[in-house]
Engineer: 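Before I ask anything, here is the structure I am working with.
Residue numbers begin at 1 in each chain, while the letters A, B, ... track the order of the sequences.
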Amino acid sequence: MKPNRSSLLAFLGVLFLLVGSGFYLLQKAEDDLASDFIVKENFRQALILDQSLNENVLRSRSFVSENYDSMVADSELNDHASDELRRLSTTMIEDLPELPVQLESYFRLWNEKKMAIEDFKAKHSVLRNSLKYLSTLELQAEGTEVEHQAHQLLFSVLSFNLSPTPNHEKQVVHNLGILMKAPGQKKTSTAEFVDSLALHTKIILRSLRDRETSEKIILSRQVPEALARAENLYHSWSTQNSRNSTYIKLLLGTVCVILIVALISFFRRLQMASAELTVLNRDLELKVTKRTEELSHTLQELAQKQQVLVQASKMSALGEMAGGVAHEINTPLAVIQMRSEQVQDMINDGDFDQGFLTEALESIRETSFRIAKIVNGLRMFSRNGERDPLQPVALGKVIDDTFSFCRERFTNNGVRLEIVDESGAGSLLIPCRPTEISQVLLNLFNNSYDATQSSQDKWVQIHLVDLRESVELSVTDSGAGISPLIREKIMQPFFTTKEVGKGTGLGLSVSQGIAHAHGGSLRLDENSPHTRFVLTLPKDRSEQFRPAA
Amino acid sequence: MKTELKLKIRNYFSVFSICLATAIYILFRFTSQVPTLGAEKEKLKQQIFAISQSEPLRTGAFSPLPKHTSANPEKARLGKMLFEDKRLSKDDSLSCASCHDLYHGGANSLKTAVGIRGQIGEVNTPTVFNSQFNFRQFWDGRAASLNEQIEGPIHSPIEMATSWTEILAKLEQDKRVIEEFDKIYPKGLHRESVIDAIVEFEKSLITPNSAFDQFLRGDASALSARQLAGYQKFDTLGCVACHQGRNIGGNMFQSLGIAGDYFKARGGFLNSDLGRYNVTKREQDKYVFRVPSLRNVELTAPYFHDGAVPTLEEAVRKMAKYQLGRNLVAEDVEDIVEFLKALTGQLPVSLQSVRGTANEAQ
């Protein structure tokens, strides 16, 4: 549910694609629908108008309708519908190539029908006039010699008009012949009358025949059938098409539904996200204060723990040293024991040698001094000198004091100890806390002692150099050196190469901390072929001096 | 965390608004089920309207002219200008109005028309008044519409003898004409615009409110007693069988000489005498003509397609003889002529600035 820029963009892209194609299809469907509507409407109109024309023809024929204006209007409208259909069919020629062909046969029939309608109109008007006139003439015939024949003729003409069969036509021709031969028709007064009757009968015969022919053409089912064929053709195609457009609508409907679902889900997410934001805003400050509190607490704890650790490391160094210290003290104690025994023997023998006695007592005093010094050093070492003020001390003395704890251990194990001080740096007064420096040195010495155990020629060299600004003290041993793999880690707290339980892994890291507290440094000289630790202490960095506790 | 959320909200919001917009649009398009048919639909509507309007025409033999024209007055004004513009003929000697004198019943008093360089045509000039109500144009009905009709005189070598290229080239030099066209037609000065303007003017040429139309609308006193007698005779004799409908003619073809040989009596032979045959080449269409409208017939002497009949009285007599097989007495003729005079309407509105009725034009 995490908002992802690219997935959102992809969603938008798909959405646009869908909507775009949807619109295109919708537009197309609408256009199709529109043109479909128009085509169908024109077909419908053509059929209706055709029907209406036929109706008009029949009405005129039975003299219900008195003028042809509506026929003209229908015919014009039908022409218009035909033009439209022709135009529309050419636009669909690719989809429906049969339609123009089918329509063309309709147009041909329609044109024939139009001509027939014109003929019908003309003939019907003429027929109507002559029929009417013939009736008037027959009325005038009353009382003349040709009354009967005229009556017979009119009767047959009317029958012929009612049902224009060849038989009736024959009857008319026959009656006309009788009239022409009728006695008395030669009379000038009647001659004109008979001529007129004959003329109009002939007009009626001619125009009725013509009218029937055109009426047959007009009322024939050919035109509507051709139209229906074309319409069916179009209809079946359009049904197929509208099925397609139904699919399009379905597709669009689906798009719509997807959109709405997306809409709702985005709306809900929007709501949720903004609610989340308000809650977050409210909680944030609270959390921040709480976090800072926690943090300061942790820092305090950490500082305490560190102190404990430092002390622990010191004690551990001390522990390591304890064995050595026993030696250190044992040797002078043995000296004191031996001298005091010598003095006892002398007293027992009564043989007092002034010189020897003085020498023995001097040795006892000196040796006990030495022990006192060691114990003093031990006491000093064990106390926490962290808060001691910096005091000017000669490094040589610190080295000396430290050595007093371990000299015996070194010499007893055949480890040579050399101090090289060409520049006399050992006598320079350096501001420091001697207890701490001593702790560092003891640490280095102990490490060196352990390292030398694996080599044949065992030695540890201490080198003092005056670097003008500072003093450099390096401790080099004959050991195997430190593998490049662990070089970086050796200064880290709790890192140790010693067996479990033997070292705390804090020695070097605590030592480095001490060096830093003095404004100096402790580092491993990686260029040296042997393991060489370098401790640098500034000569005078008054700003680094800690205020006295 | 906060900015990420803000980004989230912004993204959601933009997607949300886009979805909303599209959904609304689609829904809108869907719910408005009526397809946008536009112009096509308008056309259809007009067709359907026309069908419904054709109904009342069925009642009687005649119907009055509409009182008002449907023509666009702006276009009609421009059309009048063109109608009277001699640049529409090859040598700038003739305008439409030269033959169709608008103040002479829309026709002229010559037997047959005289075209450019004095060329004499075969047929009489019919009126342009109410010609929109004729179902075909010309004596032989060779043009189905007024638009089609214009091509006739323009290209006829004995009438205006020109072409659209020539006409448009001449008109294009006239800034005023170009301006006028640009104002009204999106296409500007163009063959179609010229035709349309002239047709629109012709459509404005209706002569409403003739005495007979007033009579048809129910004013029994609109016709004089003689005219009423003439009307009755026009009906009973059968003139109405051919001269009928709204234009009192102009809605069918009829052969000339049903009851007698008009041409034999007249003598001579003209190609135009064949009438509709010249168009259809059908034997039965020989000597067939469009029945002319009798509206304003009083003003359009001489008569018949050949202009061979100088007076209305003679025209009526000839009609009765050759079309009806009747010999009319003088009284009948006079009555009918009186009636025919009742068919003269008002001068078209588009010409009325100067004169009142078509009758007063003389």
Engineer: Rounded to the nearest 0.5 Å, how far does CZ of B:Phe135 lie from CD of A:Glu118?
Structural biologist: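 Those atoms lie 4.0 Å apart.
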
Engineer: Do you know which of A:Lys202, A:Met115, A:Met71, A:Glu76 has the most heavy-atom pairs under 4.5 Å to chain B?
Structural biologist: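 Looking at each option in turn, the highest pair count goes to A:Met115.
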
Engineer: Taking side chain as everything from C-beta outward and backbone as N, CA, C, O, which of these in A:Leu199 sits under 4.5 Å from a heavy atom of chain B? Side chain, backbone, both or neither.
Structural biologist: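 The side chain, not the backbone.
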
Engineer: Examine distances only and state if a side-chain atom of A:His200 and a backbone atom of B:Leu324 form a donor-acceptor pair shorter than 3.5 Å.
Structural biologist: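 Yes.
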
Engineer: Measure the shortest side-chain to side-chain distance between A:Arg128 and B:Val240 over non-hydrogen atoms and say whether it is less than 4.5 angstrom.
Structural biologist: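 Contact flag for A:Arg128/B:Val240 side chains = yes.
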
Engineer: Less than 4.5 Å apart, side chain to side chain, heavy atoms only: is that true for B:Phe253 and A:Lys121?
Structural biologist: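 No, side chains not in contact.
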
Engineer: Counting neighbours of NZ on B:Lys321 that are heavy atoms of other residues, nucleotides or ligands and sit closer than 6.0 Å, is the number greater than 12?
Structural biologist: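 Counting other residues, nucleotides and ligands, NZ of B:Lys321 stays at 12 neighbours or fewer.
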
Engineer: Rounded to the nearest 0.5 Å, how far does CD of B:Gln284 lie from OG1 of A:Thr213?
Structural biologist: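 So the OG1 of A:Thr213 and the CD of B:Gln284 are separated by 9.5 Å.
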
Engineer: May I ask you to check whether over 12 heavy atoms, not counting those of A:Arg268, lie within 6.0 Å of atom CZ?
Structural biologist: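 Open: at most 12 neighbouring heavy atoms sit under 6.0 Å from CZ of A:Arg268.
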
Engineer: Once you round to the nearest 0.5 Å, how far does OG of A:Ser207 lie from CD1 of B:Ile258?
Structural biologist: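 Answer for the OG-CD1 pair, A:Ser207 versus B:Ile258, is 8.5 Å.
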
Engineer: Could you give the distance from CG (A:Asn129) to SG (B:Cys239), rounded to the nearest 0.5 Å?
Structural biologist: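 It comes to 8.0 Å.
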
Engineer: Would you mind telling me which of A:Thr136, A:Ile264, A:Asp119 has the largest number of heavy-atom pairs within less than 4.5 Å of chain B?
Structural biologist: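 With the most close heavy-atom pairs to chain B, the winner is A:Asp119.
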
Engineer: Within a reach of under 6.0 Å around NZ of B:Lys203, are more than 12 heavy atoms found that belong to other residues, nucleotides or ligands?
Structural biologist: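 No.
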
Engineer: What's the spacing between B:Ile248 CD1 and A:Asn67 CG if we round to 0.5 Å?
Structural biologist: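 One finds 11.0 Å between CD1 of B:Ile248 and CG of A:Asn67.
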
Engineer: Of the backbone (N, CA, C, O) and the side chain (C-beta and beyond), which part of A:Ser196 lies under 4.5 Å from a heavy atom of chain B, both, or neither?
Structural biologist: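 Side chain only.
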
Engineer: Hey, which of B:Cys242, B:Gly250, B:Gly238, B:Ser255 has the most heavy atom pairs under 4.5 Å with chain A?
Structural biologist: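 Among B:Cys242, B:Gly250, B:Gly238, B:Ser255, the one with the most close pairs to chain A is B:Gly238.
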
Engineer: State the OG-CD distance between A:Ser125 and B:Gln254, to the nearest 0.5 angstrom.
Structural biologist: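 With rounding to 0.5 Å, OG (A:Ser125) is 5.5 Å from CD (B:Gln254).
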
Engineer: Say whether, by atom type as modelled, one donor and one acceptor occur between the side chain of A:Asp69 and the main chain of B:Gly245 under 3.5 angstrom.
Structural biologist: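 Here the side-chain-to-backbone pair does not exist.
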
Engineer: Report which part of A:Asp210 has an atom under 4.5 Å of a heavy atom belonging to chain B: side chain, backbone, both, or neither.
Structural biologist: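 For A:Asp210, no heavy atom lies under 4.5 Å from chain B.
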
Engineer: Does any heavy atom of chain A fall under 4.5 Å from the side chain of B:Gln323, the backbone, both, or neither of them?
Structural biologist: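 B:Gln323 has no heavy atom closer than 4.5 Å to chain A.
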
Engineer: Report which part of B:Arg282 has an atom under 4.5 Å of a heavy atom belonging to chain A: side chain, backbone, both, or neither.
Structural biologist: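 For B:Arg282, side-chain heavy atoms alone lie under 4.5 Å from chain A.
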
Engineer: Do the non-hydrogen side-chain atoms of B:Arg246 and A:Val72 ever get within less than 4.5 Å of each other?
Structural biologist: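 B:Arg246 vs A:Val72: side chains apart.
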
